[in-house]
Amino acid sequence: MALYRKVALVTGGAQGIGRAVAEALLKNESKVALVDLNTKVGEDCKKVLDQEFGEGNCIFIQCDVADRGKLKDAFETTVEKFGKLDIVINNAGINNEKNWEKTIEVNLTSLIKGTYLALEHMSKEYGKDGGVIINVSSMAAFLHSPHQPVYTATKHGVIGFSRAMADAAEEGDYGVRINVLCPAFVDTPLLQSIEQEDNMGKFIKYKDVFKEKIHKYGVLQPSQIAEGMLKLITDSGLNGAVMKITCSKGIHFHTYEPLSA
Ligand code: NAD
């Protein structure tokens with residue numbers, strides 16, 4: 001898929017990884033809807049992107065992805081503004097072991113809703129022209145961590161759901177590819193949340209184990225994640241792919257053994 005004049009919706013697009021992806025898409029002349037909970041950060045982000053890429057290429061929509069009605073409206077607003085939808089990046093995520101139900105709601109339930117809404121706007125099943133969905137998981141889905149049990153569970157869930165949906169898309173000829181991105185540690189505000197008791201609850205006591213892991217594996221920049229994201233979007237051969245990005249190996253793919261009978 002070429003990115004010129006494509007329309008993308010990015011949840012959690014106002015900062016961190018989402019913002020870097022939005023920038024990369026705008027650089028490639030796509031139109032972008034930043035869908036984010038945080039009004040101040042979202043408006044500031046849009047202002048900077050408008051200055052860099054010109055007005056009219058980017059909109060900010062304040063929305064809690066956990067609010068089903070608001071998320072539906074965000075998709076509709078994007079299509080009303082730009083006339084279509086080609087790319088959906090379900091990226092919004094939180095790290096909260098204290099309010100773990102909320103973590104499941106934002107990281108997994110809302111990502112599922114985002115995927116279904118994306119299909120309503122892009123799948124041939126609904127008479128649309130096709131597109132691509134990228135769901136953001138994490139290397140936490142591969143590395144067990146004593147400090148983030150529920151976060152880890154949600155990121156496993158993202159992979160299982162997305163791969164099954166990628167099969168459904170292929171079987172059902174949706175014209176939509178569905179891929180997963182698993183970054184290792186990335187230099188964003190989310191990474192700092194491991195130091196906060198409000199986020200980690202009783203698992204805060206393992207924060208030094210976590211910091212040792214960060215030290216061992218290193219920290220990526222959001223722009224490196226955006227580079228992987230663009231590959232997942234543009235490579236039309238990728239469906240059900242699980243991309244990993246780490247400091248030691250860079251961009252690479254998880255391989256799955258075929259099931260033997
Ligand atoms: P971040 O905290 O920097 O940015 C997340 C954005 O999502 C924020 O702008 C926030 O306002 C928004 N958001 C949070 N809850 C929301 C909600 N309910 N509705 C709408 N928007 C909401 O985080 P990040 O590091 O950029 O993380 C982005 C994604 O990458 C997440 O899914 C995260 O789990 C994943 N990830 C991050 C890392 C890392 O080390 N930073 C590593 C692997 C995976």
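Note that ligands are numbered from 1 as they come in the structure, with each ligand's atoms numbered from 1 the same way. Basis for what follows: all heavy atoms, side chains included, without hydrogens, waters or symmetry-related copies.
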**Q** Can you report which non-hydrogen protein atom sits closest to atom 1 (P) of ligand 1, along with the distance?
**A** Q15 NE2, 3.4 Å
**Q** Show which atoms of ligand 1 fall inside a sub-4.0 Å distance from at least one heavy-atom site of D64.
**A** 17 (C), 18 (N), 19 (N)
**Q** Look at the aromatic rings of H254 and F142 and report parallel, tilted or perpendicular, splitting at 30° and 60°.
**A** tilted
**Q** With backbone taken as N, CA, C and O and side chain as the heavy atoms from C-beta onward, which portion of V65 lies under 4.0 Å from ligand 1: side chain, backbone, both, or neither?
**A** both
**Q** Specify the protein heavy atom at minimum distance from atom 12 (C) of ligand 1: its residue, its atom name, and the distance to 0.1 Å.
**A** D36 OD2, 3.3 Å
**Q** N/O of L37 under 3.5 Å from N/O of ligand 1, yes or no?
**A** yes
**Q** Side chain, backbone, both or neither: which part of K155 comes within less than 4.0 Å of ligand 1 when only heavy atoms are counted?
**A** side chain
**Q** State the atoms of ligand 1, each with its element, that fall below the 4.0 Å cut-off from a heavy-atom position in F185.
**A** 40 (O)
**Q** Atom 15 (N) of ligand 1: which protein heavy atom is closest, and how many Å away?
**A** I94 CG2, 3.7 Å
**Q** Classify the angle between the aromatic ring planes of H147 and F210 as parallel (below 30°), tilted (30 to 60°) or perpendicular (above 60°).
**A** perpendicular
**Q** Is any NZ, NE, NH1 or NH2 atom of the basic residue among E23 and K27 found under 4.0 Å from an Asp or Glu carboxylate oxygen of the other?
**A** no
**Q** Check this for me: does any side-chain nitrogen of one of K40 and D44 sit under 4.0 Å from a carboxylate oxygen of the other?
**A** yes
**Q** In terms of residue, atom name and distance, what is the protein heavy atom nearest to atom 7 (O) of ligand 1?
**A** G12 CA, 3.3 Å
**Q** Using side chain to side chain donor-acceptor pair (under 3.5 Å) as the criterion, point out the one residue from N107, N135, T11 that pairs with N90.
**A** N135
**Q** Side chains of L9 and H121: closer than 4.5 Å at any heavy-atom pair?
**A** no
**Q** Run the numbers for me: atoms of ligand 1, each under 4.0 Å from some heavy atom of G16, listed by number.
**A** 3 (O), 26 (O)
**Q** Answer with side chain, backbone, both or neither: which part of N107 has a heavy atom less than 4.0 angstrom from an atom of ligand 1?
**A** neither
**Q** Counting only heavy atoms closer than 4.0 Å, does ligand 1 sit against the backbone of P222, its side chain, both, or neither?
**A** neither
**Q** If hydrogens are left out, which of L190, N96, V186 has an atom nearest to atom 23 (O) of ligand 1, that is, the closest non-hydrogen atom?
**A** L190
**Q** Could you see which bit of S110 sits under 4.0 Å from ligand 1, with heavy atoms only: side chain, backbone, both or neither?
**A** neither
**Q** Tell me whether K102 is salt-bridged to E105, with the criterion being a basic N under 4.0 Å from an acidic carboxylate O.
**A** yes
**Q** Please determine if E197 and K98 form a salt bridge, counting it only when a charged side-chain N lies under 4.0 Å from a carboxylate O.
**A** yes
**Q** Could you say whether the N/O atoms of V106 and ligand 1 ever approach to under 3.5 Å?
**A** no
**Q** I'd like to know if D173 and K124 make a salt bridge, using a cut-off of under 4.0 Å between side-chain N and carboxylate O.
**A** yes
**Q** Looking only at protein heavy atoms, identify the closest one to atom 36 (N) of ligand 1 and say how far it is in Å.
**A** Y151 OH, 3.6 Å
**Q** Run the numbers for me: atoms of ligand 1, each under 4.0 Å from some heavy atom of G93, listed by number.
**A** 31 (C), 32 (O)
**Q** Among T188, N95, N96, whose side chain to side chain donor-acceptor pair (under 3.5 Å) with S193 holds?
**A** N95
**Q** Tell me, which protein residue and heavy-atom name are nearest atom 43 (C) of ligand 1, and how many Å apart are they?
**A** P183 O, 3.2 Å
**Q** Could you check atom 25 (O) of ligand 1 against the protein and tell me its nearest heavy-atom contact, residue, atom and distance included?
**A** T188 OG1, 2.5 Å
**Q** Between K72 and E120, does any NZ, NE, NH1 or NH2 come within less than 4.0 Å of an OD or OE carboxylate oxygen?
**A** no
**Q** From the options G114, P189, C63, A74, select the one whose nearest heavy atom is closest to atom 20 (C) of ligand 1.
**A** C63
**Q** In this structure, would F253 and V242 fall into the same cluster of hydrophobic residues linked by side-chain contacts under 4.5 Å?
**A** no
**Q** Which of the numbered atoms in ligand 1 are under 4.0 angstrom from any heavy atom belonging to L191?
**A** 40 (O)
**Q** Would you say T11 touches ligand 1, if touching means a heavy atom closer than 4.0 Å?
**A** no
**Q** Atom 31 (C) of ligand 1: which protein heavy atom is closest, and how many Å away?
**A** N91 O, 3.2 Å
**Q** Check if A184 has a non-hydrogen atom at a distance under 4.0 Å from any atom of ligand 1.
**A** yes
**Q** Under 4.0 Å from any heavy atom of N38, which atoms of ligand 1 are there?
**A** 11 (O)
**Q** For ligand 1, does S137 get within less than 4.0 Å through its side chain, its backbone, both, or neither, judged by non-hydrogen atoms?
**A** backbone
**Q** Counting both backbone and side chain atoms, is some N or O of S138 under 3.5 Å from an N or O of ligand 1?
**A** no
**Q** Purely on distance, is any nitrogen or oxygen of I17 under 3.5 Å from one on ligand 1?
**A** yes
